[in-house]
Amino acid sequence: MEYNFKELEAKWQRRWREEKTYHVEVDPSRPKYYVLDMFPYPSGAGLHVGHPLGYIASDIYSRYKRQCGFNVLHPMGYDAFGLPAEQYAIQTGQHPAVTTERNIARYREQLDKIGFSFDWDREVRTCDPEYYKWTQWAFLKMYDHYYCNDSQKARPVSELVEAFAEHGSEGLNAACTSEMHFTAEEWNGWDEAQREQVLQNYRLAYRADTTVNWCPQLGTVLANDEVKDGLSVRGGFPVEQKRMRQWLLRVTAYAQRMLDGLDELAWSDSLKEIQRNWIGRSVGAQAFFPIKGDDRKLEIFTTRPDTIFGVTFMVIAPEHEWLDSLTTDENRAAVEEYVAATKKRSERERIAETRRVSGVATGSYAINPFSGREIPIYVSDYVLAGYGTGAIMAVPAHDSRDYAFARHFGLEIIPVVEGGDIEKESYDAKSGRMINSGFLDGKDVKEAIAEMFAEIERRGIGKRLVNYRLRDAIFSRQRYWGEPFPVYYKDGTAHPLSEEQLPLELPPVDNFGPTAEGEPPLARAAGWHTAEGYPYELSTMPGFAGSSAYYLRYMDARNDKALVGREANEYWRSVDLYVGGIEHATGHLMYSRYWNMFLYDIGCVCEQEPFSKLVNQGMIQGRSNFVYRVVGTNTFVSAGLRGGYETQEIHVDVNIVRNDILDLDAFRAWRPEFADAEFILEEGKYVCGWAVEKMSKSMYNVVNPDYIVDTYGADTLRMYEMFLGPLEQSKPWDTNGIDGVHKFLRRFWRSFFDRSGAFAVTDEEPTPKELKTLHKTIKKVREDIENFSFNTSVAAFMICLNELGECRKRAVLEPLTALIAPFAPHIAEELWSMMGHTTSVCDAAYPVFDEQYLAESSFEYPVSVNGKLRFKREYPLSATPAEIQADVVTADEAQKWLDGKTPKKIIVVPGKIINIVI
RNA sequence: GCGGAUAUGGUGUAAUUGGUAGCCACGUCAGACUUAGGAUCUGAUGCCUCGCGGCGUGGGGGUUCGAGUCCCUUUAUCCGCACCA
C-alpha cells in the first residue's frame with residue numbers, strides 16, 4: 001500500500017474535527033499542562049512557511065505531554081485589532097471587521113492543513129465584543145485602583161479617598177505621577193473635579209498631559225516599544241515628541257516586582273536581560289540644589305553622589321518646567337531660540353546628532369551644597385525631560401557628556417577621583433581614591449558613595465532613591481480599529497461606565513481616517529455619547545490591550561460572568577509553556593506581566609506571573625534565488641559561468657527553482673518579458689545563485705505552507721521545519737532537503753508492509769539488538785523533546801530506522817509509532833489504527849514514555865590511556881566504579897596499552913570516562 | 001559606548017556536556033534496477049597526499065593525560081539598549 005499522505009491527512013483532520021479529539025475540559029483527576037502560542041495578527045498576506053515554526057514546536061510538545069497523561073490546554077485565537085486592517089480600510093473604505101474576518105478564515109484554512117491539536121472551541125478574537133468586554137473591564141479596574149508602595153499591591157481608590165478625607169496626603173506611600181502634599185481640610189474643601197484631578201495622580205489607569213511619541217503619518221500616539229530609532233515600528237514613519245493629554249497605565253508602579261519576578265521565570269537569559277534593561281533600575285540619590293536669589297531648590301538625580309564636590313555647573317532639559325523662570329532677561333532670547341530649534345528637530349534627527357554638543361546658559365546660578373560654589377545653570381537637550389527629574393548636576397571630570405559640554409563652553413573641570421587624565425578625557429570609572437572633596441578625601445569611591453548617601457540625608461539635601469528607565473505606558477491611540485474606552489466626559493472630567501454597561505461597542509463610521517479637524521475617527525460616529533448626551537472618549541486602546549490577558553480568557557473562553565471563572569483559573573493557573581518570537585520582549589511580554597500582576601493583586605487570578613516557561617523560536621528568513629542576465633540581452637548565464645560576462649542579478653521565483661536548478665520552461669512562462677529568454681547552461685543545467693534575505697513578496701522567496709503540504713504532506717512539513725536546525729536559532733527556509741524527511745516518512749510507512757504491499761506487522765519477538773535500538777531512540781527522543789531539541793529528535797528517528805532495517809515486529813513498530821505521533825500525527829494515527837487500535841494515538845496510554853523501557857539500557861564507557869582514547873567497553877549502569885576499575889586494569893586490552901607497566905593513576909568517573917595514566 | 005548571542009565540510013547541522021570531531025540529512029560522485037524520470041536501492045564523500053602520513057571546529061595564547069566544549073585575548077556577524085545622569 002502506498003503512503004498516500006493527501007488522503008490520509010484529510011481523513012484524520014476530518015476525524016479530529018468531527019470527534020473533537022482535542023477538546024479539553026477542567027479535570028481535577030488529571031494533572032494539567034498549558035501550552036500557548038503567541039496568537040497571530042491575521043494579515044492579508046496569509047501564512048508563509050516561517051509562521052508555523054513555533055506552532056509546530058508547541059504542538060509537538062502538547063501532543064507529547066498529552067501522551068504522558070497530562071490534561072493539555074492548547075488553544076489558538078487571533079489578535080485581530082490593529083493597524084494594517086485600518087490602513088487598508090482608510091484606503092479602500094472596506095470595514096476592518098470585514099477584511100479581518102476574511103483574513104481569519106484564510107489563516108484558519110492554512111492552520112488546519114498542518115494538523116494542529118488546538119481546541120478551537122476556546123478560540124478568542126480580540127475584536128469580538130464578547131472578548132473586549134473583559135479588556136474594558138480590566139481597564140475600569142485599573143482606573144479604580146492605585147498602587148500602595150507599603151503593601152506592594154494595588155488597592156481600591158475608595159480607600160485612598162477615605163484616607164484623604166481623614167488625614168490628607170499625610171503618611172501616604174503610593175505610586176504617583178508627581179508627589180503631592182495636602183491636608184484633610186484642603187481635600188474636603190475641594191469640589192469633585194478638583195478631587196478627581198488629584199486622584200488621577202494615583203490611579204493605575206489615568207489621564208495626564210505628557211510628552212508622547214506622536215506619529216503624524218499614522219495620526220496617532222505610540223508607546224515607547226512601538227518606536228525604534230525614531231521611526232514607528234509599524235510602517236516606519238517618523239515620530240516626534242509632543243505634549244498631549246492621554247490615557248496612561250501606571251506600569252512603573254510594578255517596575256520592581258517585574259524585575260524581581262524575572263529571577264524565577266524559565267525564560268532565556270537574553271530575554272530576561274532585555275527586560276531588565278528596559279526596566280533600567282538604577283540606585284542613586286535625589287538631591288536639591290539651592291538657587292541663588294530664589295527660594296526654590298533644583299531637584300536632580302545622580303548615581304554618583306560621591307562626585308558632588310566636582311559639580312561645576314547644572315543642566316536642565318529644554319522641556320523643564322522651571323526653564324522659563326530660571327531664564328534671566330539677558331539670556332531669554334538665546335534660550336527661546338534654542339528651545340524652538342530643539343522642538344523643531346524630529347526624534348530621528350535628535351538621535352542622529354547624539355554627539356553634537358549644544359546648549360545655552362539660563363543666566364541663573366545654583367549653589368553647590370557641599371563646596372558652596374556658585375555654579376551656572378544651562379539648558380541642553382542632552383538632558384532628557386523623561387528621565388529622573390529632567391535636571392542634572394554636571395561633573396565634567398567624571399562624566400564624558402558633561403566633559404564634552406564643559407570643554408565646549410570653557411567651564412571648570414575639577415577632578416575628585418584619582419585615576420584619569422582630565423586633560424584628555426573624563427574619568428568615568430567607579431573606582432579610585434577621592435581628592436578635592438573635603439571629608440571624603442582619601443576614601444575609596446564605593447565607600448564615598450555610601451557615605452554620601454548618609455550625609456545627604458543627614459543634611460536634609462535629599463535622599464537615597466531608586467530610579468527606573470521604564471515609563472508609564474501611553475494607552476490611547478487616535479485610531480478606529482481598537483477597543484473603545486468605557487469612559488465618558490462630563491464637564492471635562494472623565495467618568496467610567498459601570499460594569500453592567502460593558503461592552504461599550506465600537507460604533508459604525510463612514511470613514512476610517514481622522515476628521516478634517518484632526519480628531520480621531522470616532523468623532524465621526526453619530527450618537528457616540530451616553531443616553532444623557534455626554535460624549536464618549538474618542539481614542540481607542542492600543543494593540544497590546546487585547547493581547548495582555550488573552551491567555552486567561554482561553555481558560556474559560558465562553559464565561560459571560562467573568563474574565564475567567566475561579567474554578568477554571570485555579571485548575572489551569574498559568575501558562576506552563578509559551579512559545580513565540582523575541583520581538584515581543586519589551587512590548588506584549590512586559591504589558592502581560594503587568595496586567596497579570598494587577599489582576600493577581602485584585603484577587604482575580606491565582607498566579608502572579610503569567611508565563612512560567614518561555615521559548616523563543618527563531619525567525620525563518622527567505623532563501624532567494626537569482627538568475628544572471630547578460631546586460632543588454634535577454635540571455636541568461638548560469639551562475640558558474642557568469643565570470644566572463646557583465647551580468648545583472650535578477651530575483652527569480654523560488655517556486656520555479658529546485659535544488660538551485662532553474663526550470664527553464666516555467667521561467668519562460670513566469671513573466672512575458674522572459675518568454676523568449678536564451679540560456680547559457682553548464683552541463684545542461686541552469687544553476688541559480690542564492691542569498692539569505694527577509695522572506696517577502698518583492699524578493700520572490702515566499703514559500704507557502706499550503707504548497708509544501710500539497711506536495712509533501714503536513715507530516716513532512718512538520719518534521720522538516722523541526723529538522724531545519726535548533727528551534728531558537730534564526731535560519732533561512734530552504735526547500736532543498738525536504739526530500740530527505742519525506743523519504744524517511746515513506747520508508748517508515750513501508751516498514752509496516754511486505755514486498756507485495758500487504759500490511760504485515762508480525763507478533764514476532766524482537767531481538768535484543770532491535771530492542772536496544774528502540775530503547776535508545778525512546779530515551780533520546782524523550783530527552784530531546786524536554787529540551788526543545790526537535791532537530792536532533794528527527795535525526796534520532798532516521799538513525800533508528802536505518803538501524804532497524806526491515807523490522808516489521810509489532811513490539812518495535814507500535815512504540816515507535818506512538819513516539820513519532822507528536823511529530824507526524826497523521827501517519828501515526830493511520831498506522832496506529834491499522835495495528836488494530838480504535839482510540840486515537842494521542843490518547844494512547846501506551847507505555848512508550850515509561851521508565852521501564854530505559855531501565856534495560858546500557859552505556860558505553862570510553863577508556864583512554866594517557867589521554868589517548870583506546871577503546872570502549874560496555875557496562876550496565878549499575879556497575880560500581882570499583883568494578884569498572886578492576887575490570888579495566890585486568891582486561892587484556894588494557895594490559896596491551898599498559899605495556900607491562902603499573903599504572904600511576906586510574907581515573908574513573910561513573911557514566912563518563914575511564915582514564916589510565918601510566 | 002554598554003549588554004547579550006553566534007562562529008564546525010560545498011550546504012543545514014550533530015557531538016554521551018571535557019573523551020575517537022563531522023552523527024542525520026541535502027548536494028556531489030560511482031554503481032544497480034528501470035516504463036529513461038526530479039522514482040527506488042547500494043556504496044563513497046572534511047582538506048592535502050598516488051600512498052605512507054599530515055592538517056583540521058574564525059585567529060592567537062593558556063589550563064588538562066585529553067579542548068569544538070573551560071580560561072585569557074583577538075576578529076567577524078547578528079540582536080537588544082543608548083546623551084538614562
Side-chain angles (χ1 to χ4, degrees), chain A residues 228-229 268-278 280-282 284-285 300-304 307 315 317 350-351 353-358 380-384 386-395 398-402 404-405 428 467-471 582-583 585-586 619 623 658-661 663 690 720 723-726 728-741 743-744 746-747 750 779-780 783 789 791-802 859-872 904-905 907 909 911-918:
Chain A
K228 212 190 143 188
D229 300 330
S268 71
D269 290 337
S270 60
L271 179 53
K272 287 197 212 178
E273 207 48 41
I274 291 175
Q275 290 215 339
R276 284 194 193 102
N277 288 343
W278 190 259
R281 179 183 201 263
S282 57
I300 58 99
F301 173 76
T302 179
T303 53
R304 292 295 301 275
T307 61
V315 187
R350 203 185 59 75
I351 288 169
E353 294 169 7
T354 283
R355 293 287 158 197
R356 207 185 64 180
V357 178
S358 72
S380 171
D381 64 358
Y382 86 88
V383 172
L384 306 176
Y387 185 79
T389 60
I392 61 153
M393 59 174 222
V395 187
H398 304 289
D399 181 288
S400 57
R401 299 153 301 179
D402 298 346
F405 194 86
D428 296 15
N467 215 326
Y468 299 93
R469 203 191 69 97
L470 184 72
R471 299 273 68 108
I582 193 139
E583 65 272 18
T586 54
M619 244 206 317
R623 185 181 187 278
R658 195 184 164 97
N659 290 343
D660 293 334
I661 307 296
D663 181 331
W690 63 273
Y720 185 58
F723 189 65
L724 227 40
E728 307 214 8
Q729 192 177 300
S730 283
K731 57 233 162 196
W733 174 269
D734 183 0
T735 308
N736 300 341
I738 197 167
D739 281 332
V741 170
K743 215 184 290 184
F744 160 76
R746 279 209 307 260
R747 278 175 54 204
R750 273 209 308 277
K779 180 177 157 63
K780 172 83 176 138
E783 284 170 3
S789 175
N791 54 328
T792 52
S793 36
V794 175
F797 283 121
M798 293 177 175
I799 296 167
C800 179
L801 208 55
N802 287 346
F859 296 89
E860 285 182 331
Y861 286 67
V863 178
S864 66
V865 179
N866 272 353
K868 196 94 176 157
L869 204 74
R870 298 302 188 188
F871 54 87
K872 279 186 178 181
K904 278 185 200 153
K905 196 165 66 171
I907 307 157
V909 183
K912 275 193 175 172
I913 181 74
I914 302 160
N915 186 42
I916 303 164
V917 184
I918 305 173

A/F797: ring-ring contact (aromatic ring centres under 6.0 Å, His included) partners, not counting sequence neighbours =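 ring-ring contact (aromatic ring centres under 6.0 Å, His included) list for A/F797, sorted by chain: A/F823.
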
Across all strands, who's sitting opposite [N] as a Watson-Crick or G-U wobble pair, both distances under 3.5 Å?
N: B/rU64; value: none
N: B/rC29; value: B/rG43
N: B/rG80; value: B/rC2

Under the salt bridge (Lys or Arg N to Asp or Glu O under 4.0 Å) rule, collect the residues that match up with [X], sequence neighbours excluded.
X: A/E583; result: none
X: A/E783; result: A/K779
X: A/K780; result: A/D784

query = Can you tell which of B/rA85, B/rC83, B/rG80 lies closest to the side chain of A/N277?
reply =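 The answer is B/rG80, which lies nearest to the side chain.
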
message = Tell me every residue that passes side-chain contact (heavy atoms from CB on, under 4.5 Å) with A/V741, counting only those two or more places apart in sequence or in another chain.
response =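 side-chain contact (heavy atoms from CB on, under 4.5 Å) check on A/V741 returns A/T716, A/M719, A/Y720, A/F723, A/M798.
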
query = Roughly, in whole Å, what's the span from CG in A/N736 to C1' in B/rG10?
reply =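 Those two atoms, CG and C1', are 13 Å apart.
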
query = In whole Å, what is the span from the OH atom of A/Y720 to the P atom of B/rA25?
reply =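 After rounding, the gap between these two atoms is 14 Å.
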
note = Under a 4.0 Å heavy-atom criterion, the protein footprint on nucleotides 36-43 of chain B, written with B, S and -, is --BSSS--

message = Please classify B/rU17 as syn or anti, treating any glycosidic angle within 90° of 0 as syn.
response =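 Nucleotide B/rU17 adopts syn.
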
query = Can you name the one residue among A/L271, A/L470, A/I274 that meets side chain to side chain contact (heavy atoms under 4.5 Å, CB included) with A/T586?
reply =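 Single side chain to side chain contact (heavy atoms under 4.5 Å, CB included) partner of A/T586 among A/L271, A/L470, A/I274: A/I274.
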
